[in-house]
Every structure is written in structure tokens, then in C-alpha cells.
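Proteins get letters first, then strands, A, B, ... in listed order; numbering begins at 1 in each. Atoms considered below: every heavy atom in the structure, side chains included; atoms not considered: hydrogens, waters and symmetry mates.
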Amino acid sequence: MDIRFYNTLTRSKEPFRTREPGRAAIYVCGPTVYDDAHLGHARAYVAFDVLVRFLRRSGFQVTYVRNYTDVDDKVIKRAAEAGTTPGELAERFIGRYREDMARLRVLEPDVTPRVTEHMPEIVALVQALVDRGHAYVLDDGVYFSVRSYNGYGRLSGRQLDDMKAGARVDVDDRKQDPLDFALWKVAKPGEPAWESPWGKGRPGWHIECSAMSRRYLGDGFDIHGGGMDLIFPHHENEIAQSVCATGAEFVRCWMHNGFVNVNKEKMSKSLGNFFTIRQAAEAVEAEAIRLYLLGTHYRSPVQFEVDVAEDGSLRGFPGLVEAERRLAYGYDVVRRLVRAEAQLAAKAKGEGKVPDAVAQAIKTFEESFGASMADDLNAAEALGHLAGLQRLANEFLDRGKEHAPADRLAATRRLRGAMAGAGAVLGVLEREPDEALRAIGATGLRRVGMSEADLDDAIGRRAAARKAKDFAAADRVRAELLEQGIELMDGPTGTEWRVVRA
RNA sequence: GGCGCCGUAGCCAAGUGGUAAGGCAGAGGUCUGCAAAACCUCCAUUCAGGGGUUCGAUCCCCCUCGGCGCCUCCA
């Protein structure tokens with residue numbers, strides 16, 4: 001199947017052709033580690049995690065590099081405020097960031113290089129730019145000359161002169177062009193610094209990605225990703241630096257994810273509509289955040305509706321709660337299949353055969369799912385197909401009793417396999433269902449402020465009333481719990497519950 | 001000022017030059033002590049509005065209205 005990705009550089013979907021057959025080299029701009037990761041980071045790194053998972057699943061041998069920018073102005077400033085060193089601050093936030101990513105089920109990249117560990121490569125790249133006449137040295141650092149590269153502006157679709165006219169950049173008379181940017185910054189007293197031919201200092205913002213991507217992936221690697229806000233100037237500058245320093249093509253395909261909007265506006269600190277992954281994961285199961293993000297195509301803005309109380313405090317994320325419910329539905333389907341398999345295995349005689357209608361439906365699902373993902377990672381559409389498969393599984397579980405146990409066993413296994421395949425690509429529904437459902441339940445109870453002990457007590461009282469055929473008393477317990485956001489479900493194995501209130 | 005994106009049912013959301021996936025909510029049904037879950041059925045003659053191209057447009061072009069983004073640190 002032809003895999004196609006939208007390339008920002010050409011503004012069109014293109015067939016995915018790698019530099020080397022069967023191998024995909026990917027670099028994604030990682031976080032600057034001076035604060036906790038927010039929902040925007042979640043969105044970006046979930047999107048590229050899906051990219052990597054999908055390519056691996058499609059047979060590519062992927063090398064995925066995602067950096068940590070552990071030294072820059074913000075890190076230095078924040079460390080000073082916190083009374084610590086930039087190194088210690090960065091280390092701490094890298095740790096917290098990795099925890100957040102793990103909760104979102106974002107796989108660890110193959111390489112996670114840090115700027116501070118790649119100074120030789122960075123200095124060499126800057127030196128190459130100076131040698132080739134693309135950079136010039138001032139007393140406070142080395143600057144890249146944007147006028148020296150005639151491809152400048154191609155990625156972001158801008159003309160140098162248009163930007164110059166409207167740019168709100170500081171006018172610095174010493175620079176040859178207002179858009180020239182620092183490759184190397186000479187250190188001020190007290191700042192972290194590394195040796196260089198231009199004095200002790202640190203890299204400018206953009207050069208590290210050029211240096212580290214080349215170090216691990218070489219020239220002309222396959223995909224470079226990041227948020228749309230990085231297109232200009234960050235990625236534009238990376239291209240300029242890399243192409244001018246090496247003379248080779250830098251990247252074959254540029255992929256950018258859309259923003260996170262909170263109540264229709266771009267989430268940003270200045271607007272005060274800013275939420276960290278930790279805050280959201282406090283409100284709902286982290287995997288539900290991932291599922292929610294997957295419901296919108298990665299290039300479109302994703303909306304987060306935030307429920308804010310009259311006093312301005314955060315009440316919750318209704319959309320995330322809905323996603324959590326869908327997640328629970330998904331795990332419930334898996335659990336039903338697992339349980340059915342256990343029962344059927346005892347009864348099945350010989351090799352079974354998946355009933356034709358089921359086999360055909362699963363085949364159609366797998367083709368549709370794959371086609372959606374191959375078409376620029378349309379996870380939202382793929383999720384639509386998955387909904388159909390889940391319904392099919394439940395229907396078969398409910399009504400498939402006329403088939404022989406061996407055939408039913410074959411069908412449930414096949415259904416579970418298809419779901420696992422989809423889950424492995426999307427990074428959802430991969431956990432053990434009982435454990436996941438227990439975690440979702442616990443998160444819900446926390447949300448409505450009820451303890452498990454109180455809930456168990458209420459369920460016990462109702463069970464006693466039911467046993468005594470005092471249905472009025474039993475229904476009162478049900479109503480009370482519903483009032484508190486808990487819904488009871490009587491099943492063959494006892495009473496189960498779920499949290500229904502947002 | 002320059003560049004660009006978006007506007008699809010109550011809400012979220014995918015999508016295509018040939019007549020609108022999916023989810024949530026809602027209605028009815030099967031099941032149930034009652035419920036819930038699960039399943040079944042229904043739920044946009046219509047894709048902001050107006051022109052145009054076309055045999056045919058929600059999808060292509062133009063205009064209007066509305067919302068947003070980048071050009072400055074940002075995923």
C-alpha cells in the first residue's frame with residue numbers, strides 16, 4: 001500500500017520514499033526542558049509516536065531521534081529563579097517529561113540527544129558556516145546571514161523582503177539583516193559556557209537540531225517533525241544552516257502537527273489558558289488524553305473544552321471524560337473477548353474456523369484501517385473503523401452462540417488479534433483490560449470525590465436489600481449513587497459500577 | 001502590512017468532483033425485579049452565505065460574512 005504524508009515543504013501529500021529502502025530516519029524537535037510538558041507537547045509527541053509505530057508496523061526499520069534542548073535562555077533564567085543550576089533544572093524536567101510521555105504511552109525514541117553533550121558537533125557546524133561565508137562574527141557571537149542562502153523562506157512560504165517589512169524583531173544595526181540569527185552566543189558572566197573559536201559561550205537556538213540530526217541520521221534523512229509553530233523561524237533556520245554548511249539536502253519530508261486550542265484559542269501562557277499533561281492526567285486517565293488527541297487529524301487544531309467554575313477554577317475537561325468513556329468501552333470489549341476465550345477454550349474441540357461473515361468483516365476492517373493510516377496518518381478515520389470492529393465483536397459475543405465453540409474461539413481470537421494490531425499502531429488499548437478498567441474506575445472515583453470503601457459499602461447494602469427482595473430499598477441506593485455520579489450495573493458475576501458524571 | 005488556515009447535525013469530528021465515516025447526546029426496541037451495560041433501529045435532501053466552472057460541487061475558482069494562526073519564545 002502506498003503510504004502518503006503531507007510535506008510542508010511542497011504543501012501536498014507525497015508518496016513516502018525513504019533515502020534507503022526499508023529504513024526510515026526521523027528527527028523530531030523535542031522540548032526545551034525548563035518546565036512541565038503541556039497538552040501541546042502531548043499532541044506533538046503522540047502524533048509522531050503514532051508515525052513511528054505505524055512505520056514500524058508497516059515493516060520499516062525506524063531510527064527515531066528526539067532531542068532535549070537542555071541549555072538556552074529560558075533554562076538559564078528559570079534555573080536562576082529556582083536557585084539551582086541549569087544542568088540540575090534540565091535534569092529534573094527531563095525526568096518529569098519522561099514520566100508524562102510514559103503515561104501517554106509515547107514510546108521512548110531510539111536516541112534522545114542533549115545539546116550539552118554535542119558541543120563538538122555544534123562548533124564544527126558553526127565553523128563550517130563561517131568558513132563557507134554564510135556566517136559572520138560579532139563581539140557577542142556568530143550570526144547566520146540569511147541573505148547568503150537564496151532558499152531562505154521556502155519552507156514557510158515567505159519572501160525575505162515581505163518579512164523584513166513587517167517583522168517585529170529588534171533592530172540590531174550590527175546585523176547584516178534583521179532576520180540574521182545567532183549560531184553561537186558568547187557567554188555573559190555566570191552563564192554556562194563551552195569553549196569555541198569565538199570565545200566561551202553556548203549555541204544559538206536552532207543550530208543544535210542541525211548538528212544532532214546530522215550526527216545521528218546523516219544528510220538528507222527522511223522525516224523531520226515538530227509543531228507548526230516551529231516552521232518559522234526554527235525549521236527555516238535549520239534548513240538554511242544545514243544546507244549551507246554541508247551543501248547537501250537536509251530533509252526529505254517535513255511534517256508538522258497542529259495546535260492545541262483551548263476554547264477556540266491557541267493555548268498559550270500569555271492567555272492564561274494553559275494546561276499541563278499532569279493537570280489533565282489528574283482529571284482523567286492519561287490514556288484517554290491520547291485517545292482524545294487521536295480523534296482529530298494531527299494537522300488540524302484540536303479543541304480542548306475546559307469547564308471552568310464561576311470562581312475561575314478548573315472543573316474539568318468534558319471532552320476528555322467522554323474519551324475516557326470510549327476508552328473504557330474499548331477495554332470492556334477486550335475483556336469480554338478474553339473471558340469468552342477462556343470459557344470457550346475449555347469447550348472447544350479441534351481446530352475451529354472463523355465464520356465467513358466475521359472473517360470478511362475483519363479483513364475489511366484491517367484494509368480500511370491500514371488505508372486510513374497510510375493516508376497521512378488519518379487516525380481519526382482509523383478510529384471510526386475501529387468503532388465498527390468493536391461493535392462487531394460485541395455483537396458476536398452477544399449473538400454468535402449458534403456457532404460451534406471451536407469456531408467461536410477462533411473468531412474471538414481473530415477479533416482480539418485485529419484489535420491488538422490497531423491498538424499497537426495507535427498506542428491505545430494495549431494494557432491488560434482488568435488493570436486498565438480498574439485504573440479508569442479509580443480515576444473516576446477521584447473525580448467525583450468518592451472513596452472505594454464507601455462505594456463498596458453502598459453496593460453491599462443494596463445487595464442485601466435485593467436478596468431480601470426489598471427492591472425499593474435497593475433502588476434507593478442506586479438513586480443515591482447516581483446522584484453522586486456512580487451508575488450500577490448488575491451482571492452475572494455481581495454488581496459492577498462506572499462513573500458517569502463529568 | 002505580508003503569508004496562511006478554518007467554518008460539516010445539539011456537541012466533537014472524518015471525508016470525497018457523483019451525491020455526507022465515527023463518537024457523544026437524543027428517540028424507539030431486545031434484555032432486565034427495576035436499571036445499566038451490550039446489541040438493533042432511527043437521528044445532516046445537507047456540508048457559513050452568494051456567484052461561477054461542470055452532465056453533476058460539500059469537495060475546484062471568485063466574492064462576502066464569521067473564527068483563528070504565523071510573521072516575536074513556543075509543540
[atom1] gap between [N] and [M], integer Å:
| N | M | atom1 | result |
| --- | --- | --- | --- |
| G33(B) | G28(B) | C1' | 23 Å |
| C55(B) | A13(B) | C1' | 32 Å |
| G52(B) | C43(B) | C1' | 35 Å |

Just to be sure I understand the rule, does [X] reach a base, reach only the sugar-phosphate, or reach nothing, if contact means heavy atoms closer than 4.0 Å?
| X | result |
| --- | --- |
| Glu487(A) | sugar-phosphate |
| Met228(A) | nothing |
| Arg336(A) | sugar-phosphate |
| Val333(A) | nothing |
| His297(A) | sugar-phosphate |
| Ala387(A) | sugar-phosphate |
| Gln303(A) | sugar-phosphate |

Report task. Can you spot which of Val46(A), Val302(A), Leu386(A) makes a side chain to side chain contact (heavy atoms under 4.5 Å, CB included) with Leu294(A)? Result -> Val46(A)
Would the base of [N] count as contacting [X] through its side chain, where contact means a donor and an acceptor less than 3.5 Å apart?
| X | N | result |
| --- | --- | --- |
| Arg462(A) | G33(B) | yes |
| Asp73(A) | C73(B) | no |
| Arg325(A) | G23(B) | no |
| Asn378(A) | G15(B) | no |
| Arg478(A) | C34(B) | yes |

Could you give the [atom1]-to-[atom2] distance, from [X] to [N], as a whole number of Å?
| X | N | atom1 | atom2 | value |
| --- | --- | --- | --- | --- |
| Asp307(A) | C11(B) | CG | P | 17 Å |
| Leu291(A) | C24(B) | CG | C1' | 12 Å |
| Asp180(A) | U72(B) | CG | P | 13 Å |
| His256(A) | A75(B) | NE2 | P | 12 Å |
| Tyr329(A) | C39(B) | OH | C1' | 9 Å |
| Leu482(A) | A35(B) | CG | P | 14 Å |

Options [options], nucleotide nearest the side-chain atoms of [X]:
| X | options | answer |
| --- | --- | --- |
| Arg326(A) | C24(B), A75(B), A38(B) | C24(B) |
| Glu265(A) | A13(B), C24(B), C68(B) | C68(B) |
| Asp229(A) | C39(B), G33(B), A75(B) | A75(B) |
| Arg391(A) | A38(B), G33(B), G22(B) | G22(B) |
| Glu395(A) | C40(B), A75(B), G15(B) | C40(B) |

Query raised in the report: Between Tyr64(A) and Tyr27(A), does the ring centroid distance fall short of 6.0 Å?
Result: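 Centroid separation for Tyr64(A) and Tyr27(A): 6.0 Å or greater.
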Query - Validation row, ring centre Tyr292(A) to ring centre Phe304(A) under 6.0 Å - result: yes
Query raised in the report: Are Ser213(A) and His224(A) close enough that a side-chain donor and a side-chain acceptor fall under 3.5 Å?
Result: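 Checked: Ser213(A)/His224(A) side chains show no N/O donor-acceptor pair below 3.5 Å.
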Can you tell me if the side-chain N/O atoms of [X] get under 4.0 Å from OP1 or OP2 in [N]?
| X | N | result |
| --- | --- | --- |
| Arg158(A) | C70(B) | no |
| Lys266(A) | A75(B) | no |
| Asn257(A) | A75(B) | no |

**Report entry** Within 45° cone of Phe48(A) ring axis and under 6.0 Å: Arg66(A) NZ or CZ
**Finding:**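 Verdict for Phe48(A): no cation-pi partner in Arg66(A).
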Requested in this report: Mark yes or no: Arg96(A) above the aromatic ring of Phe93(A), with NZ or CZ under 6.0 Å from the six-membered ring centre and no more than 45 degrees from the axis.
Outcome: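 No; the conditions do not both hold, so Arg96(A) does not lie above the ring face of Phe93(A).
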Query raised in the report: So which nucleotide does C70(B) pair with, by the Watson-Crick or G-U wobble rule with both distances under 3.5 Å?
Result: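 Paired with C70(B), as far as the under-3.5 Å criterion goes, is G2(B).
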